[in-house]
Amino acid sequence: MFSLAKLLPSACIICESFQDDLVCLACLKKLSNEALWNYECCRQCGICLTADELQAGRCDECRAEPPYFDESYCLASYDSCLQKALHDLKYTKRISVAHGLARVWNDILSSRLNYLQIDFALPVPLSQTKLCERGFNQSWEILRRIQIPSTIQKLAFALQRHHASQDLARIGSSSRTQMIKGMFYVNPRYQRLIERRNVVIFDDVMTSKATLNEIAYVLKDNGASRITNWVLLRTPRYKIKRLQHV
């Protein structure tokens, strides 16, 4: 079938060079080399481990205060070249970027995660107010394009969110943890469906873990067996420490 896409200019979502695909081969190779999969990361929260933490396989924070989620797989650091592309998706409403971000995920991580025993994949939800303002949920737009085994069902609306009066991205991590309490709930239509099931939560960014930890708590409180996080970008330690002092 003839494709109009070949007649239209396109650009790499990362380096913005004009070419046929949304991610050029050079950027894809660079991301593959820099992906967090290549590093020793905490198996629970996905942050890069220090030398002292390597033997335990988990960071000191997760060992001292274990989160409700069981494991995390993060594609790249928030400092990576994907940061601008994600901002373009979220704040300039370039939906086409979601295709490119999913392409990167599919090329680097999808095949490595196929062995996981997962029943459902859910995006971190936006509140109805935020959804109306933005027009789309960036986590869902990426997740819906990610290649996963046919045995995993993607559920866009199983998890719901109350509206927050403040932008959580602009406040310190300790305040964020308090504000996120009671923010999420399971849509009653899906409550029985997730009981005794293994669930993936997809988020665009993990910083303090507060959001994903609260979601894992809610899902397990509703009967889910195991919670795995899939995250596009993981905030590095030095930026988390700055937020802790905001």
Side-chain angles (χ1 to χ4, degrees), residues 3-5 8 10-16 20-24 27-28 31 35-36 46 72-78 80-114 118-150 152-164 167-169 183-184 186-187 190 199-207 211-212 215 219 227-235:
S3 173
L4 288 176
L8 300 174
S10 62
C12 174
I13 64 169
I14 298 168
C15 68
E16 299 182 343
D20 288 339
D21 211 339
L22 285 167
V23 184
C24 70
C27 286
L28 197 57
L31 280 165
L36 290 178
S72 299
Y73 297 90
C74 307
L75 177 62
S77 169
Y78 190 76
S80 75
C81 55
L82 287 180
Q83 181 187 145
K84 181 183 181 300
L86 180 60
H87 283 195
D88 286 344
L89 170 62
K90 294 170 70 171
Y91 304 119
T92 66
K93 301 184 178 183
R94 290 180 57 194
I95 296 293
S96 62
V97 173
H99 292 267
L101 293 173
R103 160 77 193 281
V104 175
W105 182 283
N106 291 335
D107 276 43
I108 297 175
L109 272 188
S110 281
S111 62
R112 302 176 188 268
L113 302 178
N114 282 345
I118 302 296
D119 298 298
F120 300 110
L122 286 58
V124 170
L126 299 180
S127 68
Q128 287 300 312
T129 303
K130 189 70 174 180
L131 189 60
C132 289
E133 289 175 358
R134 181 166 292 168
F136 60 91
N137 178 349
Q138 70 279 357
S139 292
W140 172 245
E141 292 302 325
I142 301 169
L143 174 60
R144 66 191 291 223
R145 295 171 171 88
I146 284 177
Q147 296 170 0
I148 57 176
S150 58
I152 302 176
Q153 186 177 355
K154 297 174 183 176
L155 302 176
F157 305 109
L159 198 61
Q160 301 288 308
R161 180 177 189 155
H162 299 296
H163 183 60
D167 185 352
L168 296 179
M183 189 72 70
F184 301 95
V186 175
N187 185 328
Y190 297 91
V199 179
V200 154
I201 302 300
F202 184 87
D203 201 3
D204 58 337
V205 178
M206 186 200 299
T207 301
T211 296
L212 289 166
I215 288 174
L219 290 173
I227 307 299
T228 301
N229 299 321
W230 289 356
V231 179
L232 187 74
L233 300 180
R234 182 66 163 103
T235 303

J.: If you measure from CH2 on Trp140 to CG on Leu131, what distance do you get to the nearest 0.5 Å?
T.: 12.5 Å

J.: Indicate yes or no: at least one non-hydrogen side-chain atom of Arg103 is less than 4.5 angstrom from one of Leu22.
T.: no

J.: Using 0.5 Å steps for rounding, measure from the CG atom of Leu82 to the CG atom of Leu31.
T.: 4.5 Å

J.: At their closest point, which heavy atom of Ile152 faces which heavy atom of Ile118, and how far apart are they?
T.: CG1-O, 3.4 Å

J.: Val104 vs Leu28, test: side-chain contact (heavy atoms from CB on, under 4.5 Å). Steps then yes/no.
T.: CA-CA 7 Å; Val104 175; Leu28 197 57; 4.2 Å; yes

J.: In this structure, are over 12 heavy atoms from other groups packed under 6.0 Å from Phe136 atom CZ?
T.: yes

J.: So, do Cys81 and Cys27 sit near enough that their side-chain heavy atoms are less than 4.5 Å apart?
T.: no

J.: Do you know which two heavy atoms are closest between Arg145 and Ala98, and how far apart they sit?
T.: NH1-CB, 3.9 Å

J.: Flag the pair Asp119 / Val199 as yes when at least one side-chain heavy-atom distance between them is below 4.5 Å, and no otherwise.
T.: no

J.: Return the CD to CG distance between Glu133 and Leu126, rounded to the nearest 0.5 Å.
T.: 10.0 Å

J.: With side-chain contact (heavy atoms from CB on, under 4.5 Å) as the test, would you mind laying out the steps for Val205 and Leu232 before giving the verdict?
T.: CA-CA 6 Å; Val205 178; Leu232 187 74; over 6 Å; no

J.: For Ala85 versus Val97, what's the shortest heavy-atom pair and its separation?
T.: O-CG1, 3.2 Å

J.: So Ile146 and Ser110, side-chain contact (heavy atoms from CB on, under 4.5 Å) or not? Walk me through it.
T.: CA-CA 8 Å; Ile146 284 177; Ser110 281; 4.0 Å; yes

J.: Rounded to the nearest 0.5 Å, what separates atom CD in Gln147 from atom CG in Asp107?
T.: 8.0 Å

J.: Give a yes or no on whether the backbone of Tyr78 and the side-chain of Gln83 come within a donor-acceptor separation of less than 3.5 Å.
T.: yes

J.: If only atom types and distance count, is the side chain of Asn137 paired as donor or acceptor with the main-chain N or O of Val124 below 3.5 Å?
T.: yes

J.: Which heavy atom in Val231 sits nearest to a heavy atom in Asp204, and how many Å separate them?
T.: CG1-O, 4.2 Å

J.: Closer than 3.5 angstrom, by distance alone: can the side chain of Arg94 be matched with the main-chain N or O of Asp88 as a donor-acceptor pair?
T.: no

J.: Quickly, which of Ser77, Cys74, Ser80 forms a side chain to side chain contact (heavy atoms under 4.5 Å, CB included) with Arg234? Name it, please.
T.: Cys74

J.: So which atom in Phe202 and which in Ser139 form the shortest heavy-atom distance, rounded to 0.1 Å?
T.: CD2-O, 3.4 Å

J.: Rounded to the nearest 0.5 Å, what separates atom CZ in Phe184 from atom CD1 in Ile215?
T.: 4.0 Å

J.: So Val200 and Asn229, do their side chains get closer than 4.5 Å, heavy atoms only?
T.: no

J.: So, are Glu141 and Arg134 salt-bridged, with charged N and O less than 4.0 Å apart?
T.: no

J.: Quick one: does any side-chain atom of Lys90 pair with a main-chain N or O of Gln138 as donor and acceptor, under 3.5 Å?
T.: no

J.: Considering only heavy atoms from C-beta outward, does the side chain of Tyr73 approach that of Leu113 to under 4.5 Å?
T.: yes

J.: Let me confirm one number: the CG-CG distance from Leu143 to Leu122, rounded to the nearest 0.5 Å.
T.: 8.0 Å

J.: If you compare all heavy atoms of Leu159 against all heavy atoms of Pro123, which two are closest, and at what distance to 0.1 Å?
T.: CD2-O, 4.3 Å

J.: Check whether any side-chain heavy atom of Phe120 sits under 4.5 Å from a side-chain heavy atom of Tyr190, and report yes or no.
T.: no

J.: Does Thr235 reach the main-chain N or O of Met206 with its side chain, forming a donor-acceptor pair under 3.5 Å?
T.: yes

